[in-house]
Amino acid sequence: MLSVKQALSKDQVGKIVQVRGWIYRTRSSGGIVFAVLRDVSGIIQTTVKKGAVSEKDFDDAQKAGIESSVMIEGEVAEDKRAPGGYEIRATKFQVYGFSDGFPITEYQSTELLLDLRHLWIRSREQTAVAKVKASLLRGAREWFHDNEYVEVTPPIITGVAAEESTTLFQVKYFDRIAYLSQSAQFYLESLIYSLDKVYSLTPSFRAEKSRTPRHLAEYWHLEMEAAWLENEDNMKVQEQLITSMLHNAVKECPEELTFMKRDPATLKKIEPPFERMNYQEAMETLQKKGLDVSWGSDLGAIEERALTQDRLVPMFVVNYPKELKPFYMKENPEDTRTYKNSDLLAPEGYGEIVGGSERETDNELMLERLRDKGESIENYKWYLDLRKYGSVPHSGFGLGLERIVTWVCKLDHIRDSIPYPRTVARVYP
RNA sequence: GCCGUCGUAGCUCAGCCUGGUAGAGCAUCCGCCUGUUAAGCGGAGGGUCAACGGUUCAAACCCGUUCGACGGCGCCA
């Protein structure tokens, strides 16, 4: 048994091979059936001629519609008329499962593809995206492994509603209420005291009613936290990690990237260091472009797009005003209006993909900020404890995996970066 | 939470402005076709026009309400 990709080779020409998979396209013209076969590795045309196979096999080949599962045996031939340049001339056509008229046809709407997601994930687009995603993840894990980070497994169900409780999903937890995690950060911070450098890959849940091409209610969150790490070094980790992810995808998935209209060469060229732009400079740049922003304005979708749409390499925006960011970030001693933090923006207008910062170590400062925000101190008791027993400077960040996939695969919407997107309007299938 | 667009055959849409009793292509089924590229030719079946209410002799079409979907903003990764 060969994969389709293996069969598509000059070495196989003249040999009898067996392939199996699903019918991707099929056309019949009386005495000959053209069945294009799909498997994980690609597609290949097979021709089934009357007389070259048994009568039953020929009947089955005529009947087998799109997505029927089959095994085909035949001789590999080079043929200019075949898409891809090679075809298999069948001597056997064995059907495992006939397919009813496949409901996804040439004409598709967004709604249909979401309703039939369990079938649409078989598409070549979805297959390519899934492979690229796996490659990006492998690149990330390799980098973490090479740099002695320990992968840890923080909880998904959490007990207190830390950080803007409105954005959390509630779950019934025995006879109490618990919440689905929106970030593993606090738990990762607690683990650096023993493991020094840690990371985790977990689903994160946000109950924000976001209706945008950049938001999911459930997404895969790659987070890292390291002791003794200052904000500038935190950015170095990000640019190295992302480079490792991109380069691994280029190495493992050049065909899938090209299929998604992403030239692998543009990713190959991305290397550290990424540009660091101060928040202040970002505001000035945007003002020069004619946008109505000033100190204290947040960078929304429009602003991020304006900053990055002509770039090919990600960029950091650093040192945001404190009022725009959460309480746990470290004050910037060079400008105490700001934090030692960074947002990493993807190029080509795709927007924020990573948010990170050095963490505050002064409990008094954090208590003050929490009080200002009207938060209940009780909820943060264990977190504040961490600073009481051998506090160290440390930093970390969170990366939205689907955001990177959206950029790398040039997707119009983040929902296509995950097999079963969870959005405000959809939990089915 | 806010702004906008759209619900007609299994799918993609036309018809709505200007009311008169339902159309096309694809898919399905039946024929024909030995080099097709989501082929071609002939035939058949397939519709509570999202739901409810109103106006009218008459509503897919005009008006209202509800529901659903999608596009965008905000929030974030």
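Letters A, B, ... mirror the listed sequences (proteins, then strands); counts begin at 1.
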Any N or O donor-acceptor pair linking the side chain of A:T212 to the base of B:C73 at under 3.5 Å?
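Donor-acceptor pair under 3.5 Å: no.
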Could you tell me which nucleotide pairs with [N] by Watson-Crick or G-U wobble geometry, both distances under 3.5 Å, or answer none if nothing does?
N	result
B:G19	none
B:G42	B:C30
B:U37	none
B:C61	none
B:U66	B:A50
B:G25	B:C11
B:U55	none
B:C76	none

Expressed as a whole number of Å, how far does the [atom1] atom of [N] sit from that of [M]?
N	M	atom1	result
B:C29	B:G68	C1'	32 Å
B:C41	B:A27	P	11 Å
B:G20	B:U56	C1'	12 Å
B:A60	B:A51	P	11 Å
B:G74	B:G10	P	40 Å
B:U12	B:G53	C1'	31 Å
B:C61	B:A50	P	8 Å
B:C6	B:G15	P	12 Å

Review item, nucleotides 68-70 of chain B N/O atoms under 3.5 Å of protein N/O:
unit_1 : atom_1 : unit_2 : atom_2 : d
B:A69  : OP1    : A:A425 : O      : 3.0
B:A69  : O2'    : A:E111 : OE1    : 3.2

SB check [X] [Y] (cutoff 4.0 Å):
X	Y	result
A:E402	A:R415	no
A:E218	A:R206	no
A:E323	A:R337	no
A:E255	A:K5	yes
A:K325	A:D343	yes
A:E239	A:R276	yes
A:K340	A:E331	no
A:D60	A:K92	no
A:E75	A:R89	no
A:R262	A:E348	yes

Heavy atoms only, 4.0 Å cut-off, all strands: where does A:S204 land among base, sugar-phosphate and nothing?
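Answer is nothing: A:S204 stays at 4.0 Å or more from every strand.
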Just grab all the side chain to side chain donor-acceptor pair (under 3.5 Å) pairs involving residues 298-315 of chain A, residues at least two apart or on different chains.
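Listed once each, the pairs are A:E275-A:R311.
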Classify the side-chain pair A:E189/A:Y383 by whether it contains a donor and acceptor separated by less than 3.5 Å.
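Yes, because at least one side-chain N or O of A:E189 sits under 3.5 Å from a partner of the opposite role on A:Y383.
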Do A:E67 and A:S99 have a side chain donor and acceptor closer than 3.5 Å?
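No donor-acceptor contact under 3.5 Å links the two side chains.
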Is the shortest side-chain heavy-atom distance between A:I353 and A:W407 below 4.5 Å?
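Yes - at least one pair of side-chain heavy atoms lies under 4.5 Å apart.
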For A:Y339 and A:N319, run side chain to side chain donor-acceptor pair (under 3.5 Å): C-alpha distance rounded to whole Å, both residues' side-chain angles, the deciding distance at 0.1 Å, then the answer.
CA-CA 5 Å; A:Y339 283 139; A:N319 304 132; over 6 Å; no
Go through A:R426 and A:D115 one step at a time and tell me if the salt bridge (Lys or Arg N to Asp or Glu O under 4.0 Å) criterion holds.
CA-CA 9 Å; A:R426 193 173 285 275; A:D115 285 342; 2.9 Å; yes
Angle between ring planes, A:F144 versus A:Y199, binned at 30° and 60°: parallel, tilted or perpendicular?
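Parallel: the ring planes of A:F144 and A:Y199 meet at under 30°.
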Proximity of A:Y219 and A:F205 rings by center, below 6.0 Å
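No; A:F205 has its ring centre 6.0 Å or more from that of A:Y219.
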Let's see if you get this right: which residues in [range] place a heavy atom under 4.0 Å from RNA chain B?
range	result
residues 272-298 of chain A	A:D298
residues 230-245 of chain A	none
residues 300-309 of chain A	A:G300, A:A301, A:R305

Protein and nucleotides 36-43 of chain B: nitrogen or oxygen contacts under 3.5 angstrom:
unit_1 : atom_1 : unit_2 : atom_2 : d
B:U36  : O2'    : A:R27  : NE     : 3.1
B:U36  : O2     : A:R27  : NE     : 2.8
B:U36  : O2     : A:R27  : NH2    : 3.1
B:U36  : N3     : A:Q45  : OE1    : 3.0
B:U36  : N3     : A:Q45  : NE2    : 3.2
B:U36  : O4     : A:Q45  : NE2    : 3.0
B:U36  : O4     : A:R81  : O      : 2.4
B:U37  : N3     : A:R81  : O      : 2.6
B:U37  : O4     : A:R81  : O      : 2.9
B:A38  : O4'    : A:R25  : NE     : 2.9
B:A39  : OP2    : A:R27  : NH1    : 2.8
B:A39  : N6     : A:S28  : O      : 2.6

Can you tell me the distance, in whole Å, between the CG atom of A:D115 and the C1' atom of B:A50?
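One finds 14 Å between C1' of B:A50 and CG of A:D115, rounded.
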Looking only at side-chain N and O atoms, does A:K49 come under 4.0 Å of OP1 or OP2 in B:U34?
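No.
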